[in-house]
Amino acid sequence: MIRILVVDDEQETAWSIGKILEDGLGEDFSIQVLTSGRKAAQYLKEQKVDILLTDINMPGIDGFELLKMAQEGNQETQVIFLTGYQRFDYVYKASQNKGVRFLVKAETEEAIVHCVKDAVQEIQERKYQEKMLEIARRQLESSRYLVQETDNPPDGWLERVCQYIQAHIEDDISVSSVADAFHFHPTHLSRVFRNASGVTLSAYLLQKKLERAKYYLLQTDLSIQEISGRLGYQSTQAFDRVFKRETGMKPLEFRRSFAIGAF
């Protein structure tokens with residue numbers, strides 16, 4: 001259940017946005033609507049929220065104070081600032097905080113719902129990564145499978161390495177970084193991995209990066225630049241070159257050929 005708090009001192013606006021989200025998001029969301037910064041501050045003392053949609057300019061307690069309170073309760077809270085007009089100083093101040101978006105109230109209902117769905121997607125991706133990291137962490141702590149002098153690692157070793165790679169595929173991951181995590185020399189790890197899996201570790205890393213890239217291309221509206229950055233490529237040109245070499249298409253061509261619908 002994703003918990004959403006909508007705050008605006010203009011009651012009609014607050015309830016209107018709440019209704020838009022109820023109609024546009026479905027049943028897997030808990031939506032609370034409040035009409036003052038003071039009420040919202042009290043609510044945030046008692047409840048954690050996943051997404052906070054709040055007016056910026058409110059009497060008493062403004063949106064920036066609510067942002068601070070929300071992220072003190074839950075550092076990963078996504079915040080969407082609502083305002084009736086564009087102000088550069090607001091945009092700049094909002095941009096200094098992690099997990100913050102900016103939305104003009106005059107946007108269409110579709111734009112409001114789309115902005116919230118983007119925040120939901122980021123939350124879901126983060127939770128998935130945290131789950132994979134926790135699995136890898138527990139396995140590392142419980143077994144400490146330090147294979148240094150043998151090419152016959154313990155049962156389950158290959159699965160644990162693959163899970164670690166999956167959890168870190170958007171980090172600056174490489175053969176060397178995986179080797180460090182498992183206390184191997186890179187050359188030794190590559191040999192053991194190939195013996196166990198039939199493919200080289202570098203080829204497996206590339207395969208997983210391409211799988212993640214294809215997911216983003218077909219299931220999200222992230223730009224090519226955003227995808228290449230997430231996967232650790234230094235430039236979109238480098239990403240284009242590798243993707244085309246492995247698939248026969250550039251990323252944008254792949255998206256246009258296989259994506260269902262248009263973003």
Side-chain angles (χ1 to χ4, degrees), residues 1-4 20-31 49-53 74 76-80 98-103 107-136 159 162-174 199 202-263:
M1 181 73 69
I2 298 292
R3 297 156 299 181
I4 300 175
I20 288 170
L21 296 181
E22 286 181 358
D23 293 343
L25 295 176
E27 299 179 354
D28 295 331
F29 296 84
S30 171
I31 301 172
V49 299
D50 298 299
I51 300 174
L52 169 66
L53 286 87
N74 176 9
E76 304 300 333
T77 295
Q78 299 290 305
V79 177
I80 301 173
K98 178 183 177 183
V100 172
R101 291 169 173 79
F102 188 87
L103 189 64
E107 290 281 10
T108 64
E109 294 183 8
E110 291 79 8
I112 293 172
V113 172
H114 181 75
C115 187
V116 173
K117 285 183 176 180
D118 281 348
V120 170
Q121 180 177 312
E122 189 166 330
I123 291 169
Q124 291 172 336
E125 290 176 0
R126 186 191 68 244
K127 287 181 177 179
Y128 173 76
Q129 293 296 328
E130 288 174 352
K131 179 180 178 181
M132 296 302 296
L133 285 169
E134 182 58 27
I135 290 172
E159 179 183 357
C162 291
Q163 288 175 339
Y164 178 88
I165 291 170
Q166 185 70 23
H168 292 80
I169 199 63
E170 292 187 21
D171 298 339
D172 186 17
I173 195 167
S174 64
V199 298
S202 58
Y204 184 80
L205 287 170
L206 177 57
Q207 174 189 337
K208 292 302 166 183
K209 281 184 179 288
L210 288 173
E211 287 177 2
R212 186 63 58 87
K214 290 176 181 178
Y215 168 80
Y216 283 137
L217 288 167
L218 300 184
Q219 302 298 328
T220 77
D221 59 357
L222 290 173
S223 69
I224 304 302
Q225 183 176 5
E226 288 174 315
I227 296 171
S228 65
R230 286 191 177 203
L231 295 176
Y233 289 94
Q234 297 301 311
S235 67
T236 54
Q237 291 82 3
F239 176 54
D240 280 357
R241 186 166 57 252
V242 172
F243 195 91
K244 184 172 183 179
R245 185 189 69 208
E246 298 299 320
T247 67
M249 296 182 183
K250 288 187 175 182
L252 189 56
E253 294 171 337
F254 182 87
R255 169 174 276 172
R256 288 172 174 169
S257 296
F258 297 105
I260 300 175
F263 294 109

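All values below were derived from every heavy atom in this structure, side-chain atoms included, with hydrogens, water molecules and symmetry-related copies excluded. Only a predicted model underlies this, so the values are computations on that prediction, with no experimental measurement involved.
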Which heavy atom in Pro251 sits nearest to a heavy atom in Phe243, and how many Å separate them? N-CD2, 3.7 Å
Full working for side chain to side chain contact (heavy atoms under 4.5 Å, CB included) between Ile80 and Ile112: CA-CA 10 Å; Ile80 301 173; Ile112 293 172; over 6 Å; no
Closest approach of Cys115 and Arg101, non-hydrogen atoms and distance? SG-CD, 3.8 Å
Apply side chain to side chain donor-acceptor pair (under 3.5 Å) to Glu211 and Gln207, showing your working. CA-CA 6 Å; Glu211 287 177 2; Gln207 174 189 337; 3.2 Å; yes
Do Phe29 and Leu21 come close enough that some side-chain heavy atom pair is under 4.5 Å? no
Check whether any side-chain heavy atom of Ile2 lies under 4.5 Å from a side-chain heavy atom of Leu25, and answer yes or no. no
Glu130 and Arg126: CA distance, side-chain angles, deciding distance, salt bridge (charged side-chain N to carboxylate O under 4.0 Å, His left out) verdict: CA-CA 6 Å; Glu130 288 174 352; Arg126 186 191 68 244; 3.7 Å; yes
Are side-chain heavy atoms of Glu226 and Tyr216 found at a separation under 4.5 Å? no
Sequence neighbours left out, what pairs pass salt bridge (Lys or Arg N to Asp or Glu O under 4.0 Å) with at least one residue falling in residues 233-251? none
Side-chain donor or acceptor of Arg255 paired with backbone N/O of Leu217 under 3.5 Å: yes
Looking only at atom types and distance, does a side-chain atom of Ser228 sit under 3.5 Å from a main-chain N or O of Gln225, one as donor and one as acceptor? yes
Heavy-atom pair of closest approach, residues Phe258 and Met249: CE1-CE, 3.8 Å
Apply side chain to side chain contact (heavy atoms under 4.5 Å, CB included) to the pair Tyr233 and Ile227, showing each step before the final yes or no. CA-CA 9 Å; Tyr233 289 94; Ile227 296 171; over 6 Å; no
Can you tell me how far the CD atom of Glu110 sits from the CD1 atom of Ile20, to the nearest 0.5 Å? 9.0 Å
Heavy atoms of other groups near Asp23 CG, more than 12 under 6.0 Å: yes
For a 4.5 angstrom cut-off between non-hydrogen side-chain atoms, does His114 reach Glu107? no
Side chains of Glu125 and Gln129: do they bring a donor and an acceptor to under 3.5 Å? no
For the pair His168 (side chain) and Tyr164 (backbone), establish whether a donor and an acceptor sit closer than 3.5 Å, ignoring hydrogens and angles. yes
Heavy-atom closest pair, residues Ile169 and Leu205: CD1-O, 3.9 Å
All heavy atoms of Lys209 vs all of Leu231, minimum pair found to be NZ-O, 2.6 Å
So do Ile123 and Ile51 actually touch side chain to side chain, heavy atoms under 4.5 Å? yes
